[in-house]
Amino acid sequence: MSRSLVKLIVVSVLLAAVLGVVGVGFYVVRRANWTADDLRRAGISWVYEALDATPANQRARRLSELGNALTHPVRLARYDEIASALGHTPSPGVPAFRRDGWREVWAFVVFRDGQAGLIIGPVDPVIPVGVRPVGLVFGLALVPLIATLIGWRISRQLKKIDEASRALGAGNLGARVKNPTGPSSELAASFNDMAERIERLIRERDELIQAVSHELGSPLARLRFQLELLADSRGEGQSSADAARLEAMAHQVDELDQLVEDLLRWVQSDQDAVRCEEFDAAGPLANLAELAQLDAPETKSIAVELDAPTSVMLRADPRSYQRAVDNLLRNAVRYASTRVLLRLRLEDSSVVVSVEDDGPGIPESERQRVVEPFIRVGPDRDRRTGGAGLGLAIVTRIMRAHGGKLVIDDSPLGGARLALYFPNVPSDTQPVADDRVTPTRSRSRHPGVAAHADQSPRR
């Protein structure tokens, strides 16, 4: 039997006991009453006998003398007052009782001469005179206190589980509930076991993807080399059909190579540690824009424009920052018709880097799904455009690691606008005048471009 079940049974039994005590107490209160025996035990019968034998004109003085020894209020009353209070004619020497509410009883006794009598009360039939219900008061105060302490302890443990679950959902695979104790310890232990399995499965998946990607690299390189040798050996004598077939095969090899690279980058985006430092966010944008334009398809004439201040200081991981911007740029170039705009600005407490294009855009209903890995949406965003659907997923991971966000909406250019919101760190360096740069269209791979290849990793 699990501890939680035992605790539930114990709590249920205690609750049943409390309800039983309350029920019995309610019954006792409803049934409690005074009797002639109670009058004798309280000494009132003895006082009655003494007063009954005393002349009528001396009973008040005699009651004053005897009343000091009584624990209940007793007073003399006329016969008609007693009859009116009872609502009927009492018999001399026979005690009569009247109950008002749950906790108030009156007793009436008429002297044998029929002229007067005694009124005793009000009397509490449940708690005798002189008794203080300390236990009841203590219990009523203690039970809520104990319940509050237990609830507070359970609340603390549930808060730890909630914090660990939020951290796990945010991508921290090492999140665990430390030192699980108390009533919710089994829930915490179950959460830790679940987190262990999730971490193991994700690690194994990433290791498998990385291993397969590495293993595919060498065969693809050899296949590309063989295709190049085959194209060179056939030379000018090959037919147009053979040339088209070789070109198609080379294109498929390029796609496989790009898929391997994307898979490796996807795994690395989850494993790389974020090393934040302060740097100029505007510095690398010109090179990234130029490289993205140089890699645009030859069948398109796309202008990549840059609109940014000369200097905006940002605290982030420079490598991850450039990778995120580069992924957005290449994604925009892939789907743009003629124009891509890269813009940097300060907005409230964020440094915003946005990429806009004049392509088909992203439907609002698909904007939540498009950032998931291997998801590609819309007829204009299918596999014919290349890629594995990992670019935006990698960007989302990077932004989550920086405490920022990726926002997708419509662009004034007619296509999609994807904006990176990096938390801004106050700096003495303020943005200065705009310096719009429009890189020159060129298909040549000159040394200056190659020198920046490590700053602008391919998707």
Side-chain angles (χ1 to χ4, degrees), residues 279-314 316 318 320-347 350-362 367 370 380-381 385-387 391-392 394-395 398-399 404 406-422 424 430-446 448-459:
F279 64 95
D280 182 9
L285 295 185
N287 291 334
L288 292 174
E290 183 177 3
L291 288 172
Q293 180 169 287
L294 292 177
D295 282 342
E298 295 188 16
T299 56
K300 293 184 178 182
S301 177
I302 297 176
V304 180
E305 303 174 1
L306 174 63
D307 182 7
T310 303
S311 177
V312 173
M313 300 309 296
L314 170 66
S320 297
Y321 168 79
Q322 294 182 53
R323 177 180 296 173
V325 176
D326 182 66
N327 278 6
L328 293 190
L329 276 172
R330 295 180 185 279
N331 189 74
V333 167
R334 183 178 294 124
Y335 301 110
S337 297
T338 59
R339 185 184 178 194
V340 172
L341 174 61
L342 172 60
R343 179 176 294 166
L344 172 67
R345 71 181 188 278
L346 287 175
E347 183 175 308
S350 300
V351 174
V352 183
V353 182
S354 61
V355 177
E356 306 177 32
D357 62 66
D358 58 352
I362 301 176
R367 291 172 186 172
V370 77
D380 293 318
R381 289 177 176 265
T385 56
L392 296 184
I394 294 173
V395 173
I398 292 174
M399 298 310 297
L406 169 64
V407 177
I408 303 176
D409 55 16
D410 295 325
S411 168
L413 301 181
R417 175 183 179 273
L418 287 79
L420 306 176
Y421 284 76
F422 287 90
N424 188 24
Q430 300 296 329
V432 295
D434 287 352
D435 182 17
R436 180 181 293 267
V437 177
T438 303
T440 304
R441 173 81 174 174
S442 172
R443 302 302 305 178
S444 62
R445 302 290 183 171
H446 51 78
V449 173
H452 296 288
D454 58 331
Q455 295 181 358
S456 178
R458 293 178 57 87
R459 293 179 55 204

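Worth knowing before you read on, the calculation uses all heavy atoms, side chains too, and leaves out hydrogens, waters and symmetry mates. Keep in mind that this is a model prediction, so the values were computed, not measured.
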(message) Could you measure the distance from the CD atom of Glu305 to the CG atom of Leu413? Nearest 0.5 Å is fine.
(response) 8.0 Å
(request) Using side-chain hydrogen bond (donor to acceptor under 3.5 Å, both in side chains) as the criterion, list what pairs up with Ser337, not counting sequence neighbours. (result) none
(request) Return yes if a side-chain donor-acceptor contact under 3.5 Å exists between Asp358 and Thr338, otherwise no. (result) yes
(message) Contact between Leu291 and Arg330 at the side-chain level, heavy atoms closer than 4.5 Å - yes or no?
(response) yes
(message) For Asp410, is there an ion pair with Arg367 - N to carboxylate O distance below 4.0 angstrom?
(response) yes
(message) Return the CG to CD distance between Leu329 and Glu290, rounded to the nearest 0.5 Å.
(response) 12.0 Å
(message) If I compare all heavy atoms of Pro284 with all of Ala281, which pair ends up nearest, and what's the gap?
(response) CD-O, 3.5 Å
(message) I need the Asp280 CG to Leu285 CG distance, nearest 0.5 Å.
(response) 8.5 Å
(request) State, to 0.1 Å, how close Ser411 and Ala416 come at their nearest heavy-atom pair, and which atoms those are. (result) CB-O, 3.5 Å
(request) Answer yes or no: is there a side-chain heavy-atom contact under 4.5 Å between Arg339 and Asp357? (result) no
(request) Just jot down the side chain to side chain contact (heavy atoms under 4.5 Å, CB included) partners of Ser354, sequence neighbours excluded, or say none. (result) Arg343, Arg345, Glu356, Arg417, Ala419
(request) Report yes if the side chains of Val333 and Val304 come closer than 4.5 Å at any heavy-atom pair, otherwise no. (result) yes
(message) Tell me whether Tyr335 contacts the main-chain N or O of Pro360 through its side chain, where contact means a donor paired with an acceptor under 3.5 Å.
(response) no
(request) Quick one: pull up CD1 in Ile398 and OH in Tyr321 and give me the separation to the nearest 0.5 Å. (result) 12.0 Å
(request) Rounded to the nearest 0.5 Å, what's the gap from CD1 on Ile408 to CD1 on Ile362? Could you check? (result) 4.5 Å
(message) So Leu328 and Leu392, do their side chains get closer than 4.5 Å, heavy atoms only?
(response) yes
(message) I'd like to check Val352 versus Leu344 (side-chain heavy atoms, cut-off strictly below 4.5 Å). Are they in contact?
(response) no
(message) Measuring only between side-chain heavy atoms, which start at C-beta, is Tyr421 closer than 4.5 Å to Val351?
(response) no
(request) Taking all non-hydrogen atoms of both residues into account, name the closest pair between Phe279 and Ala316 and its distance. (result) CE2-O, 3.5 Å
(message) Applying side chain to side chain contact (heavy atoms under 4.5 Å, CB included) to Val355 and Leu341, what does each step give before you reach the verdict?
(response) CA-CA 6 Å; Val355 177; Leu341 174 61; over 6 Å; no
(message) Just verifying a value: how many Å separate Asp409 CG and Leu418 CG, rounded to the nearest 0.5 Å?
(response) 8.0 Å
